[in-house]
Peer 1: 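Just dropping this structure here.
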Protein chains: 2
Amino acid sequence: MAAVRLQDVAKLAGVSMKTVSNVVRDYPHVSPAMRARVEAAIEELGYRPNLSARRLATGRTGMLALAFSDVSLPYFAELARIIAELAGQRGYRLLLEQTNGTIESERAIVSTREAGLVDGVIFQPSRMTSLEIAQHREDVPLVLLGEGPAPLSVDHVMIDNTAAAQEATEHLIGMGRRSIGFVGHEEYDQSTTSKYRLMGFQQALERAGIPVRMELLLSSETISARDAAASVTRALSSGLTFDALVCRDDLAAIGALRAVQDFGLRVPEDVAIIGWDDISMAAFTHPTLSTIAPDTTLIATSALDMLEERIAGFSGLGRHRIAPYSLVARESAPEH
Amino acid sequence: MAAVRLQDVAKLAGVSMKTVSNVVRDYPHVSPAMRARVEAAIEELGYRPNLSARRLATGRTGMLALAFSDVSLPYFAELARIIAELAGQRGYRLLLEQTNGTIESERAIVSTREAGLVDGVIFQPSRMTSLEIAQHREDVPLVLLGEGPAPLSVDHVMIDNTAAAQEATEHLIGMGRRSIGFVGHEEYDQSTTSKYRLMGFQQALERAGIPVRMELLLSSETISARDAAASVTRALSSGLTFDALVCRDDLAAIGALRAVQDFGLRVPEDVAIIGWDDISMAAFTHPTLSTIAPDTTLIATSALDMLEERIAGFSGLGRHRIAPYSLVARESAPEH
DNA sequence: CTGAAAGCGCTTACAG
DNA sequence: CTGAAAGCGCTTACAG
C-alpha cells in the first residue's frame with residue numbers, strides 16, 4: 001500500500017512535479033486547462049499531499065500551540081474558541097497544550113525538547129515567573145498572555161489587571177459598601193493573576209481610606225466554583241460579615257453567589273458581587289453577574305499579529321500590549 | 001543558522017547515528033555511559049530532533065485531531081480536557097478542530113485533503129448523517145462520538161440518548177408532573193442529538209399515557225442559554241403553562257431556569273427542570289440542576305482505545321460501544 | 001555497537 | 001512551462 005506521490009500525479013498528467021506542486025498549493029499562475037488536467041490526475045489516483053514531507057522541505061508546520069492550564073475553565077475554553085477561529089482564518093491549525101497549572105508542565109512548554117512541532121506558541125502561564133521564562137531562550141516564536149510582569153524579551157498581551165481590580169472595587173465602594181472581601185485567590189503558591197488582582201483590590205480600599213482586613217481575603221484551593229463556595233460558606237459560618245465581594249474570576253463569583261444565597265443572604269441587597277472574565281454564563285446566573293470583561297477578541301488578534309510577525313522573522317525586543325476591558329454591571333452589583 | 005542535526009551529535013559524541021537516535025527516542029538498550037556521552041553532546045550543541053523529519057521517516061505524527069462544533073460549549077470543553085489529558089498519557093498531542101456546526105466544515109473533517117496531519121480523528125458530528133460519513137471512505141483512523149445511527153463501518157461511542165431522555169422524562173412524571181415541555185432543540189435543521197433526545201422524551205410521555213403537545217416543544221435557534229431563555233420567556237408570555245421541562249443540554253436548562261424564575265415561578269415547586277451533560281456549572285446554579293450525566297471519562301477512554309487499535313492496524317467492522325450515564329437528581333428536580 | 005547508505009515525499013533552484 | 005537533481009533531517013535495514 002505505497003502511497004500515491006506527487007511524482008505519480010505528474011507522470012499521469014504528463015506535467016512536471018513543479019506544476020503539480022503549484023496546483024496543490026493553489027499557486028495562482030497556473031492556466032485553467034493545466035489545473036484541470038492535474039486535478040483530474042489527482043482525482044484518479046486519489047492523491048493527497050503528504051504534510052510531513054512538505055514540512056520537512058519548507059521548515060514550516062502551519063500549526064500553532066495554545067498553552068494554558070485547563071481548557072475546561074470557561075475563560076480558557078472561550079479563549080481557545082476565538083484563537084482557533086482566528087488562527088484558522090490565517091491558515092494555522094491549533095494544538096492544545098494543557099499544563100494543569102503545574103510548573104513542570106509550564107517549563108516543558110517553554111523549553112521545547114523537539115523542533116518542528118509548531119511555528120509558534122501562545123502561552124498563558126500561571127506559575128512561571130517572567131525571569132524564568134526569559135532565561136529559557138527559545139527558538140520557537142512565543143507570545144505570552146495574561147497578567148504579570150512579562151520579560152522584556154518576549155511579546156505579551158494583557159489587560160491592566162490592577163486597574164481593573166481597582167475599578168471593580170471602587171464600583172462596590174460607590175454602592176456604599178465598606179466591608180468588602182476578596183474571593184478565590186489561591187491560598188498557597190499564588191498565581192500572578194491573583195496577585196495583581198489582589199493588588200488592585202487593596203489599592204482601591206486604601207484610596208478610599210478603608211482598612212484592608214486580612215480575614216476578608218477568602219482564599220480557594222483551586223480555581224473552581226466549588227472551592228470558592230466552600231470558602232465563603234466557611235467565612236459566613238464563622239460569623240464573618242461583609243457587604244460585598246470581589247471575585248478572582250467568574251467561577252469564584254458563581255460559587256460565592258451560591259454560598260451567600262444558601263446562607264439566606266440576598267444578592268446584591270446584602271452582599272454585592274463582582275466577578276471576572278465575563279464568561280457566557282455570567283449573563284445567566286441568578287442574579288446575573290457583574291464582571292470585568294476583557295476584550296478577548298482583541299487579545300487574540302494582538303497575540304496572533306505579533307506571533308505572525310515573529311514567524312516572519314521579526315526579532316526585536318518584546319512588545320507589551322495592553323488590551324481594553326470593561327466593567328459589565330449586571331444584577332449582582334448594578335450601576336449606581 | 002543551519003540547524004544542528006542528529007549527525008552532528010553523532011560526530012561530536014563519536015558514536016553512530018543509530019545510537020543517538022536510540023538515546024533521543026528513549027530506547028532502553030543503551031548503556032548508561034553511552035547515554036551520558038550522547039546527552040552531553042546534545043547539550044553542548046543544543047540539539048533538538050526535528051519532528052517533521054521523524055514523521056516523514058516513520059509515517060506517524062503522534063497527533064490526534066478532536067473535532068466538534070465549538071470548544072466554548074461547556075460539554076465540549078470538558079470533553080476536550082479529558083481527551084487531551086488521556087491522549088497525552090498515551091503519547092499523543094491533540095489538535096483542535098472546530099466545525100461551528102456547519103456541514104461544510106464537517107465534511108472537511110471526514111474527507112481530509114492532506115495526509116500526515118494526524119494519526120487519528122475523534123469526531124462528534126452534529127450535522128452529517130451516518131450514510132454520508134460512511135461514503136467518505138477515509139484512510140485516517142476515525143472514531144465517532146455522540147448520538148445518532150453511526151455507520152456500520154466506523155467505530156462509535158455514545159450513551160443511549162433515547163433511554164436517558166426517557167429516564168429524565170419519567171423522573172418528572174414520577175414527581176407528578178403532567179405538563180412537560182422540551183427545551184432547546186434546534187427549530188430547523190435539527191441535530192441528531194436533539195432528535196434522539198426528543199424521541200426518548202416522547203416515548204416516556206406516550207408510555208405514561210400523556211399526550212404530546214406540540215406547543216410544549218420549545219425550540220431554540222442556537223445551543224445557548226440565551227436562546228433557550230428567550231424561547232421559554234416567549235412561551236410563558238403567550239400564556240402557555242407547564243410544570244416541568246426536559247432540556248436538550250445544561251445550557252438550555254440554565255436559560256430555562258433563568259426565564260422561569262424571572263417570570264416569578266419557583267423551581268422546582270412550580271416548574272421542575274432537568275438538563276443534560278452535567279457540566280461543572282450544574283452543581284452551582286440556583287437552584288442546582290438535575291441532569292443526565294454521561295460518563296465522559298469512559299467515553300474518552302473507549303474512543304482512544306478503539307482509535308489506537310485502528311492506528312495499530314485493526315481494520316474490522318465498526319465497533320459500537322454504549323457508555324453509561326446516570327441521572328443526577330439535584331434541586332431543580334429532586335429525588336422523590 | 002559502527003559506518004555508510006537508502007528511503008520517506010515533498011520543495012526549490014537550476015539549466016533548458 | 002519541463003525534467004533531472006539536490007536537499008530537508010530523520011529512521012532503518014545492511015554488512016561488518
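The sequence lines fix the lettering, A, B, ..., with proteins before strands; numbering per chain opens at 1.
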Peer 1: When the distance from CG of A:Leu117 to P of D:dG9 is rounded to whole Å, what number comes out?
Peer 2: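 Between P of D:dG9 and CG of A:Leu117: 17 Å.
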
Peer 1: Between C:dG9, D:dT11, C:dC1, which nucleotide has the shortest distance from any of its atoms to the side chain of B:Ser21?
Peer 2: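 My answer, after comparing the listed nucleotides, is D:dT11.
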
Peer 1: Using only atom types and a distance under 3.5 Å, with no angle test, would you say the side chain of A:His156 pairs donor to acceptor with the backbone of A:Ala303?
Peer 2: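 Not a single qualifying donor-acceptor pair exists.
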
Peer 1: Using the side chain to side chain donor-acceptor pair (under 3.5 Å) criterion, which residues pair with A:Thr296? Sequence neighbours excluded.
Peer 2: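 If we apply the side chain to side chain donor-acceptor pair (under 3.5 Å) test to A:Thr296, skipping adjacent residues, there are no hits.
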
Peer 1: Would you say B:Tyr47 reaches D:dC10's phosphate, i.e. side-chain N/O to OP1/OP2 under 4.0 Å?
Peer 2: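 For D:dC10, OP1 or OP2 has a side-chain N or O of B:Tyr47 closer than 4.0 Å.
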
Peer 1: If you take any heavy atom closer than 4.0 Å to DNA chain D, which residues from residues 57-65 of chain B end up in contact?
Peer 2: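 Listed by number, they are B:Ala57, B:Thr58.
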
Peer 1: Grab the CD-P distance between B:Glu114 and C:dG9 for me, whole Å please.
Peer 2: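 Roughly 16 Å, once rounded to whole Å.
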
Peer 1: Rounded to whole angstroms, how far apart are OH on A:Tyr27 and P on C:dT12?
Peer 2: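 Going from OH in A:Tyr27 over to P in C:dT12 covers 11 Å.
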
Peer 1: Looking across every strand, which nucleic acid part, if any, lies under 4.0 Å from B:Val24 by heavy atom: base, sugar-phosphate, or nothing?
Peer 2: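 No contact at all - B:Val24 keeps every heavy atom at 4.0 Å or more from the nucleic acid.
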
Peer 1: Just checking A:Arg55: base, sugar-phosphate only, or nothing, at a heavy-atom cut-off of under 4.0 Å?
Peer 2: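 No contact.
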
Peer 1: If a pair satisfies side chain to side chain donor-acceptor pair (under 3.5 Å) and one of its residues is in residues 113-126 of chain B, list it, with sequence neighbours excluded.
Peer 2: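 Of all non-adjacent pairs touching residues 113-126 of chain B, those that pass side chain to side chain donor-acceptor pair (under 3.5 Å) are B:Thr61-B:Asp119, B:Glu106-B:Ser126, B:Gln124-B:Glu147.
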
Peer 1: List in chain and number order the residues that pass side chain to side chain donor-acceptor pair (under 3.5 Å) with A:Asn100, two or more places apart in sequence or in another chain; answer none if no residue qualifies.
Peer 2: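 Side chain to side chain donor-acceptor pair (under 3.5 Å) check on A:Asn100 returns B:Arg81, B:Glu85.
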
Peer 1: Is the phosphate of C:dC8, meaning OP1 or OP2, less than 4.0 Å from a side-chain N or O of A:Arg5?
Peer 2: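 It does not, given that no N or O in the side chain of A:Arg5 lies less than 4.0 Å from OP1 or OP2 of C:dC8.
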
Peer 1: Check the distance between C:dC8's C1' and A:Asn50's CG and give it to me in whole angstrom.
Peer 2: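 Roughly 8 Å, once rounded to whole Å.
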
Peer 1: When you check the phosphate oxygens OP1 and OP2 of C:dC1, does a side-chain N or O of B:Arg35 lie under 4.0 Å from one of them?
Peer 2: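 No, no such contact exists.
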
Peer 1: Could you tell me if A:Thr99 and A:Thr102 have a donor-acceptor pair between their side chains, going purely by distance under 3.5 Å?
Peer 2: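 Checked: A:Thr102/A:Thr99 side chains show no N/O donor-acceptor pair below 3.5 Å.
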
Peer 1: Of the nucleotides C:dC10, D:dC1, D:dC10, which has the atom closest to the B:Ala53 side chain?
Peer 2: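 Within the option list, the nearest is D:dC10.
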
Peer 1: Give me the distances for all protein-to-nucleotides 14-16 of chain C N/O pairs that come in under 3.5 Å?
Peer 2:
none

Peer 1: Whole angstrom is fine here: how far is it from CG in A:Asn22 over to C1' in C:dT11?
Peer 2: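 Atom CG in A:Asn22 sits about 10 Å away from atom C1' in C:dT11.
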
Peer 1: Can you sort out the partners of A:Ala57 under side chain to side chain contact (heavy atoms under 4.5 Å, CB included), two or more places apart, ordered by chain and number?
Peer 2: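 Partners of A:Ala57 under the side chain to side chain contact (heavy atoms under 4.5 Å, CB included) test: none.
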
Peer 1: Would you mind listing every ring pair (Phe, Tyr, Trp, His ring centres under 6.0 Å) that reaches into residues 45-70 of chain B, with sequence neighbours excluded?
Peer 2: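 Non-adjacent pairs meeting ring pair (Phe, Tyr, Trp, His ring centres under 6.0 Å): B:Phe68-B:Phe76.
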
Peer 1: Name every residue in residues 6-20 of chain B that has at least one heavy atom under 4.0 Å from any atom of DNA chain D, in order of residue number, or write none if there are no such residues.
Peer 2: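 Heavy-atom contacts with DNA chain D come from B:Leu6, B:Met17, B:Lys18.
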
Peer 1: Just the dot-bracket of DNA chain C, please: which string comes out with Watson-Crick or G-U pairs under 3.5 Å, [ ] for crossing, | for another strand?
Peer 2: |||.||||||||.|||

Peer 1: Without decimals, in angstroms, what is the distance between B:Ile42 CD1 and D:dC10 P?
Peer 2: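 Whole-Å distance recorded here is 10 Å.
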
Peer 1: Are the charged groups of B:Arg5 and B:Asp8 less than 4.0 angstrom apart, N to O?
Peer 2: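 So B:Arg5 pairs with B:Asp8 through a salt bridge.
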
Peer 1: Between CG of A:Leu142 and CD1 of A:Ile133, what distance do you get to the nearest 0.5 Å?
Peer 2: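 If I round to the nearest 0.5 Å, the distance is 7.5 Å.
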
Peer 1: Could you note down all residue pairs passing salt bridge (Lys or Arg N to Asp or Glu O under 4.0 Å) where residues 296-305 of chain A supplies at least one of them, sequence neighbours left out?
Peer 2: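 Every pair satisfying salt bridge (Lys or Arg N to Asp or Glu O under 4.0 Å) with a residue in residues 296-305 of chain A: A:Arg90-A:Asp305.
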
Peer 1: So, using side chain to side chain donor-acceptor pair (under 3.5 Å) as the criterion, who are the partners of A:Thr192 when residues are at least two apart?
Peer 2: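 Testing A:Thr192 for side chain to side chain donor-acceptor pair (under 3.5 Å), a comparison that skips the adjacent residues, returns none.
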
Peer 1: In Å and rounded to the nearest 0.5 Å, what is the OG1 to CD distance from A:Thr222 to A:Glu186?
Peer 2: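 Nearest 0.5 Å value for the OG1-CD distance: 9.0 Å.
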
Peer 1: Atom CZ of A:Arg54 and atom P of D:dC10: how far apart are they, to the nearest Å?
Peer 2: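 Checked: the CZ to P distance equals 21 Å.
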
Peer 1: Would you say CD of A:Glu43 has more than 12 non-hydrogen atoms from neighbouring residues, nucleotides or ligands within 6.0 angstrom?
Peer 2: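 Check fails, neighbour count at 12 or below.
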
Peer 1: Atom CG of B:Leu144 and atom CZ of B:Phe123: how far apart are they, to the nearest 0.5 Å?
Peer 2: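 Here the rounded value is 7.0 Å.
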
Peer 1: Out of C:dC1, D:dC1, D:dG9, which nucleotide sits closest to the side chain of B:Ser31?
Peer 2: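 Closest nucleotide among those given: C:dC1.
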
Peer 1: Just how far, in rounded Å, is C1' of C:dC1 from CZ of B:Arg37?
Peer 2: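 My rounded result for the distance is 11 Å.
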
Peer 1: List in chain and number order the residues that pass side chain to side chain donor-acceptor pair (under 3.5 Å) with A:Thr58, two or more places apart in sequence or in another chain; answer none if no residue qualifies.
Peer 2: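 A:Thr58: no side chain to side chain donor-acceptor pair (under 3.5 Å) contacts found.
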
